[in-house]
Number of protein chains: 2
Amino acid sequence: MRADARRNRELMVAAAAEVVAEQGAEASLEEIARRAGVGSATLHRHFGGRVALLEAVFESSIAGVCARAEELRDHPEPLQALTIWLHGMVGHIATVHGLGPALVMSAEHGSQCHVRIRSAGRLLLERAQADGSVPADVDISDLLTLINGVALASGQDADRAGHLLDLVIRGIAPAQA
Amino acid sequence: MRADARRNRELMVAAAAEVVAEQGAEASLEEIARRAGVGSATLHRHFGGRVALLEAVFESSIAGVCARAEELRDHPEPLQALTIWLHGMVGHIATVHGLGPALVMSAEHGSQCHVRIRSAGRLLLERAQADGSVPADVDISDLLTLINGVALASGQDADRAGHLLDLVIRGIAPAQA
DNA sequence: AGAATAAGTGGGGTGGCACCCCGGTTAACT
DNA sequence: AGTTAACCGGGGTGCCACCCCACTTATTCT
């Protein structure tokens, strides 16, 4: 990959992050190209479609989430560690609001960044399961899909998302199995 | 309202339901108008924008859901009644797939149909709470937003949506309060 | 260093979309 | 039957995603 191409790619991802944060995931790709200072053709050549671009944006913002999972590995309370991490995830998704819908789709295509999040989260989930706090039949994919849904349905309201997540963790009808 | 206007309105809602079921909520409004056999201007005059049209579609498909809530009023097991109804809701949302995102927005605008669903569901929820099956701090709005999120995140996969709903009802970490 | 080459670029074109204007049409009422 | 006001849809505008192709530029080889 040529140096200028890489530089342009980074400009575009940065511009996309900026515009998406302002206008949501439906923002005009031309506007993004304009703000990155490149032609729209360049953007379309680098990223086949909108989804690929959004994935790149998301990917560039994931490092922190994965690092946080790493830190929480050694938390004395596995369930609490998982809970904290899930809250962080929901908050993160709400922060990059609007990316959500596109990412549900990309999850089905097994995108790279989802694999990374999944393995980061699996660690915490399995610790909580070994501990007996979480039933063994809970799957990391289900969990991630669920928090995605929570973040999605809450729009940009991070507090509401956090509250709904608490509900999900505790359960609507916790007394029953 | 003139007879022809009403007739056209019904044609458009029917066409919209059809096209949305096929292509999702992002379907072309012109395609909908085309299939309804009216000009696109007519569609735009009747429904200011896409959301209003989708609301009309959703509204026309709600009667069944509300009726079901009415039936379940007298179910001997309040929690089971609520659970059955929620599953029905998720299935219904999955059926009219793609309407979801638009309806999250319209919920914020307090649309008519949401009010109706809310009051239908509140009945079942309150019965389950009086029974002690569901904690008192669970809110009907939270519940509906949550199942909306579940349906949203599951895409068109109704089985997956049902599974995730079970998880939500039971809770990720049911042992803890 | 300079030439050859392959990768990268963006102006401009195409087709489709949401949304609107306005002259013709038609239902409803007298 | 005649009047009126509501309704209709062809066609226009401006924006968008996406693509083609002649031009530019980094890289490589001698």
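Just so you know, these numbers use all the heavy atoms, side chains as well, and skip hydrogens, waters and symmetry mates. A, B, ... follow the sequence lines: proteins, then strands. Residue 1 opens every chain.
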Listing time: all N or O pairs from protein to nucleotides 11-13 of chain C that are below 3.5 Å?
none

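Within 4.0 Å of B:S28, counting heavy atoms only, lie sugar-phosphate atoms of the nucleic acid but no base atom.
OP1 or OP2 of D:dA17 sits under 4.0 Å from a side-chain N or O of A:R50.
Nucleotide C:dA18 holds its P atom 11 Å from the CG atom of B:L53, rounded to whole Å. When the P atom of C:dC19 is taken as reference, atom CG of B:L29 falls 6 Å away, rounded to whole Å. Rounded to whole Å, the distance from NE2 on B:H46 to P on D:dC7 is 7 Å. Rounded to a whole Å, the CZ atom of A:R6 is 11 Å from the P atom of C:dG8. Rounded to whole Å, the distance from CG on B:D4 to C1' on C:dT26 is 7 Å.
Looking at A:S28, its side chain does come within 3.5 Å of a backbone N or O of A:E31 through a donor-acceptor pair. Formation of a donor-acceptor pair under 3.5 Å by the A:H92 side chain with backbone atoms of A:S61 is found in this model.
No donor-acceptor contact under 3.5 Å links the side chain of A:R2 to the base of D:dT27. Side-chain atoms of A:R9 and base atoms of C:dG8 include no donor and acceptor less than 3.5 Å apart.
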